[in-house]
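Quick caveat, the model's predicted, so the values are computed rather than measured.
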Amino acid sequence: MTEIRTRFAPSPTGYLHIGGARTALFNWLLARNLGGRFILRIEDTDAQRSTDESTRAILESMEWLGLDWDEGPFFQSRRNDLYLEYIHKMVDSGRAYWCHCTPEELTAQREKALKEGGKPKYDGRCREKGLGPAPGAVIRFKGPETGTTHWDDLIKGPVAFDNGELDDLVILKSDGQPTYNMAVVVDDVTMGMTHVIRGDDHVNNTPRQILLYEALGAPVPKFGHVPMILGGDKKRLSKRHGAMSVMAYHEMGFLPEALVNYLVRLGWSCGDQEIFTREELVEKFSLDNVGRSAGVFDQEKLLWLNAHYIKESSPERIAALAAPLLRAKGLEDDDPAYLAKAVETLQPRAKTIVELAEQAEFFLTPEIEYDPKAAQKFLTPDMAPVVTDLADMLKQLEAFSHETLEKVFVDLMEKHELKLGKIAQPVRVALTGRTASPGLFEIMEILGRGRVLSRLDKALVFMNNPAA
RNA sequence: GUCCCCAUCGUCUAGCCAGGUCCAGGACACCGGCCUUUCACGCCGGCGACAGGGGUUCAAAUCCCCUUGGGGACGCCA
């Protein structure tokens, strides 16, 4: 069997969104699974809406997700001569013709057809006129008026369209640019695509494109249409459902492997398995297990996967990801190992890097700020003697470790006849400013004697004079 | 309006193609419990679905038809 070739062909009219990312992922996975090649093509024939900034954003997103391409990126805007060559070849062979209808006439035609209960399509009035080029003229494909066009969709199975449903689509715009359908077909033919995996919203384009392949005498690739992603209200996913862009998820503190894992499982399955390494994905992916129905994007599940991958990652990696967020708040430490130690205690407690960075603040802040409620409840005058004792005992401690600290607290409990919980919470508030944190002995060991003592001192001041 | 596609717990899904082992399995979320110095993590348990109606068959979540519901497409956008 010859090497398969897949592609991802976004138009640079905005950032790479979740749906596009999944389409790219499926193409990438198919190519990697079958040992084929994955091509990236930028469809920028719409000069009005395409921007370089969008192209950069898309490439950045692809890279962040780890979807590397073997060829490209190719730009349609630089291949105009090629499209023109094919288009004129079709005119010469009688498979296409010039059309002089104005946009106004076409709109009128559509409205008329709609009123009569039909499909709003071009009526083919210029088909047999034998017109030539003219200002404002376009070239249309001369499609068959009878018969059916069908294909065996890799995901949906057999799909058939009546050719009578299709009108003569424009292949060359009046501005001299090819239309999407034409450019795509010429590209997919000349780039040797064997598999075209794209969004469900292209199903209606497929019969038209197949007709173009046939008119060009080119082999028709296999098509696979992946279902759309919907919002919670089952409507097509859009901005009002929340973040759409891949990089927004990056900024919200998601790990790329979490997004990839989530996206691939939205529409594809492999028995009951939920978590996949990239290697497993490449090994196990198959279009056979891609579902046919649309799926609702569920951020809760994405969050769960993200939490999972945060727990699984090395503290060093997570620390490196959180460091910039902390730095932005003016929190930094000369010793990267210190942050890594701190982060390690937070990994089972955070669902996003953003969340984790917030939780890590107390490790770095020079001055603890108390949550007012927490301070009021736990930093009470009656606890001052206990905290004073604790500080004294800590000063005399030889080794400042989890084990020795635990021993200190046991002694403290006995001396004051208090349960651990009674002592732990005030100390926790003193050290972190909050009532919830990683294990007390853990954080004390990491903070070190100096920070712990100064924070206890500050707490004592507060306890003895809560009004101030 | 016309055409195309889809239909299992709230959500993602397994099962469907090769009907019986499915009074339907897993995961997220939710609820309860355990663990515990707090919060998480983890572990255990619970709630919860074959859209409806006809067929075919000894037997249907699985096959066929209809209805309903949902989505998509009907551009000189891609």
Side-chain angles (χ1 to χ4, degrees), chain A residues 9-13 43-46 48-50 76 99 101-103 106-107 110 113-122 136-140 153 156-157 159-162 164-167 169-175 177-181 183-184 199-207 225 227-228 230 232 234-236 262 265-275 288-289 291-305 307 311 345-351 359 374 378 406 409 413 419-425 427-429 432 434-441:
Chain A
S11 60
T13 54
E43 310 219 319
D44 55 351
T45 52
D46 186 342
Q48 247 68 52
R49 300 197 300 152
S50 299
Q76 289 191 324
C99 169
C101 293
T102 64
L106 296 171
T107 306
R110 274 185 213 106
L114 212 47
K115 206 173 288 175
E116 290 167 359
K119 209 164 181 168
K121 55 178 205 172
Y122 175 66
V138 301
I139 294 178
R140 286 181 184 273
D153 197 275
K156 295 181 175 301
V159 183
F161 279 80
D162 236 321
E165 290 295 324
L166 281 23
D167 59 4
L169 75 163
V170 171
I171 56 178
L172 182 74
K173 302 186 244 182
S174 60
D175 67 357
Q177 296 269 350
T179 56
Y180 162 75
N181 279 115
V184 163
D200 218 343
D201 48 338
H202 287 285
V203 170
N204 294 274
N205 287 322
T206 303
H225 292 90
M228 317 240 66
L230 311 175
K234 302 263 188 168
K235 300 280 186 204
R236 184 184 192 150
Y262 177 74
R265 272 290 285 113
L266 179 56
W268 173 81
S269 63
C270 185
D272 286 338
Q273 189 170 351
E274 295 285 349
I275 310 278
D288 295 342
N289 304 318
R292 290 135 301 172
S293 52
V296 173
F297 187 82
D298 179 16
Q299 199 167 61
E300 289 299 326
K301 192 156 186 178
L302 207 207
L303 241 14
W304 170 73
L305 279 165
K311 278 186 286 241
T345 68
L346 265 13
Q347 280 176 277
R349 294 175 166 78
K351 291 190 168 177
Q359 294 172 357
F378 293 109
E406 189 162 357
F409 274 74
M413 283 160 67
K419 295 208 175 219
L420 179 53
K422 188 80 175 139
I423 303 174
Q425 282 306 76
V427 176
R428 189 185 311 283
V429 174
T432 71
R434 308 180 193 185
T435 53
S437 81
L440 197 54
F441 307 135

When the distance from [atom1] of [X] to [atom2] of [N] is rounded to whole Å, what number comes out?
| X | N | atom1 | atom2 | answer |
| --- | --- | --- | --- | --- |
| A:Q48 | B:rC77 | CD | C1' | 11 Å |
| A:Q273 | B:rA27 | CD | P | 13 Å |
| A:W304 | B:rC12 | CH2 | P | 16 Å |
| A:D288 | B:rG15 | CG | C1' | 16 Å |
| A:D298 | B:rC9 | CG | P | 15 Å |
| A:E43 | B:rA78 | CD | P | 9 Å |
| A:Q299 | B:rG10 | CD | C1' | 17 Å |
| A:K156 | B:rA7 | NZ | C1' | 12 Å |

Handout entry: Residue pair A:Y122, A:V170: steps toward the side chain to side chain contact (heavy atoms under 4.5 Å, CB included) verdict
Key = CA-CA 10 Å; A:Y122 175 66; A:V170 171; over 6 Å; no
Give one of base, sugar-phosphate or nothing for [X], where a contact means two heavy atoms less than 4.0 Å apart.
| X | answer |
| --- | --- |
| A:N205 | base |
| A:T13 | nothing |
| A:A307 | nothing |
| A:S293 | sugar-phosphate |
| A:C101 | base |
| A:G157 | nothing |
| A:P103 | base |
| A:K419 | nothing |
| A:V138 | base |
| A:E165 | sugar-phosphate |

Return the nucleotide paired to [N]: Watson-Crick means purine N1 to pyrimidine N3 with N6-O4 or O6-N4, wobble means G-U with N1-O2 and O6-N3, both under 3.5 Å.
| N | answer |
| --- | --- |
| B:rC50 | none |
| B:rG10 | B:rC28 |
| B:rC63 | B:rG55 |
| B:rA73 | B:rU2 |

[X] side chain: which of [options] is closest?
| X | options | answer |
| --- | --- | --- |
| A:L114 | B:rG25, B:rA78, B:rG1 | B:rG1 |
| A:S269 | B:rA14, B:rC76, B:rG72 | B:rA14 |
| A:R110 | B:rG26, B:rA78, B:rG75 | B:rG75 |
| A:K173 | B:rC77, B:rC28, B:rA40 | B:rC77 |
| A:K119 | B:rC12, B:rG1, B:rG26 | B:rG1 |
| A:K311 | B:rA40, B:rG42, B:rC39 | B:rG42 |
| A:T179 | B:rC76, B:rC77, B:rC3 | B:rC76 |
| A:R292 | B:rC6, B:rC5, B:rA40 | B:rC6 |

Write down the distance separating the [atom1] atoms in [N] and [M], rounded off to the nearest Å.
| N | M | atom1 | value |
| --- | --- | --- | --- |
| B:rC12 | B:rA49 | P | 16 Å |
| B:rG33 | B:rG70 | C1' | 40 Å |
| B:rC50 | B:rA24 | P | 10 Å |
| B:rA18 | B:rA78 | C1' | 41 Å |
| B:rC47 | B:rG53 | C1' | 30 Å |
| B:rA29 | B:rC35 | P | 22 Å |
| B:rC23 | B:rC39 | P | 42 Å |
| B:rA7 | B:rC64 | P | 12 Å |

Quick one: which protein N/O atoms are closer than 3.5 Å to N/O atoms of nucleotides 64-71 of chain B? Pair and distance per line, please.
residue	atom	partner	partner atom	Å
B:rG71	OP1	A:K235	NZ	2.5

Is any side-chain heavy atom of [X] closer than 4.5 Å to a side-chain heavy atom of [Y]?
| X | Y | value |
| --- | --- | --- |
| A:V203 | A:K156 | yes |
| A:T435 | A:V429 | yes |
| A:S293 | A:P227 | no |
| A:K301 | A:L266 | no |
| A:T206 | A:H225 | yes |

Can you tabulate the close N/O pairs, meaning under 3.5 Å, that link protein atoms to atoms of nucleotides 34-37 of chain B?
residue	atom	partner	partner atom	Å
B:rU37	O2	A:R428	NH2	2.4

Problem - A:D167 and A:K119 ion-paired at < 4.0 Å - result: no
Practice task
May I ask you to decide whether A:D46 forms a salt bridge with A:R49, counting only side-chain N to carboxylate O separations under 4.0 Å?
Solution key: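 Counted as a salt bridge, because a side-chain N and a carboxylate O are separated by less than 4.0 Å.
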Exercise for the section: Go through A:I171 and A:N181 one step at a time and tell me if the side chain to side chain contact (heavy atoms under 4.5 Å, CB included) criterion holds. Expected result: CA-CA 7 Å; A:I171 56 178; A:N181 279 115; over 6 Å; no
Under 3.5 Å, is there a donor-acceptor pair between the side chain of [X] and the main chain of [Y]?
| X | Y | value |
| --- | --- | --- |
| A:Y262 | A:D298 | yes |
| A:R428 | A:G439 | no |
| A:N289 | A:W268 | no |

Problem - Flag if over 12 foreign heavy atoms under 6.0 Å of NZ, A:K422 - result: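 Not buried by this count: 12 neighbours or fewer within 6.0 Å.
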Practice task
Mind running side chain to side chain contact (heavy atoms under 4.5 Å, CB included) on A:R265 and A:L305 for me, showing each step along the way?
Solution key: CA-CA 11 Å; A:R265 272 290 285 113; A:L305 279 165; 6.0 Å; no
Exercise for the section: Nearest-nucleotide wise, let me know which of A:S437 and A:G295 is further upstream toward the 5' end of RNA chain B. Expected result: A:G295
Fill in the blank from the handout: Whichever of A:C270 and A:K351 has the more 5' nearest nucleotide on RNA chain B, that residue is A:C270
Handout entry: Straight-line distance of A:Q425 CD to A:R434 CZ, nearest 0.5 Å
Key = 13.5 Å
Polar atom pairs (N or O), protein with nucleotides 47-49 of chain B, under 3.5 Å:
none

Practice task
Output yes if the stacking criterion (under 5.5 Å between centres, under 30° between planes) is met for A:H202 over the base of B:rA78, else no.
Solution key: yes
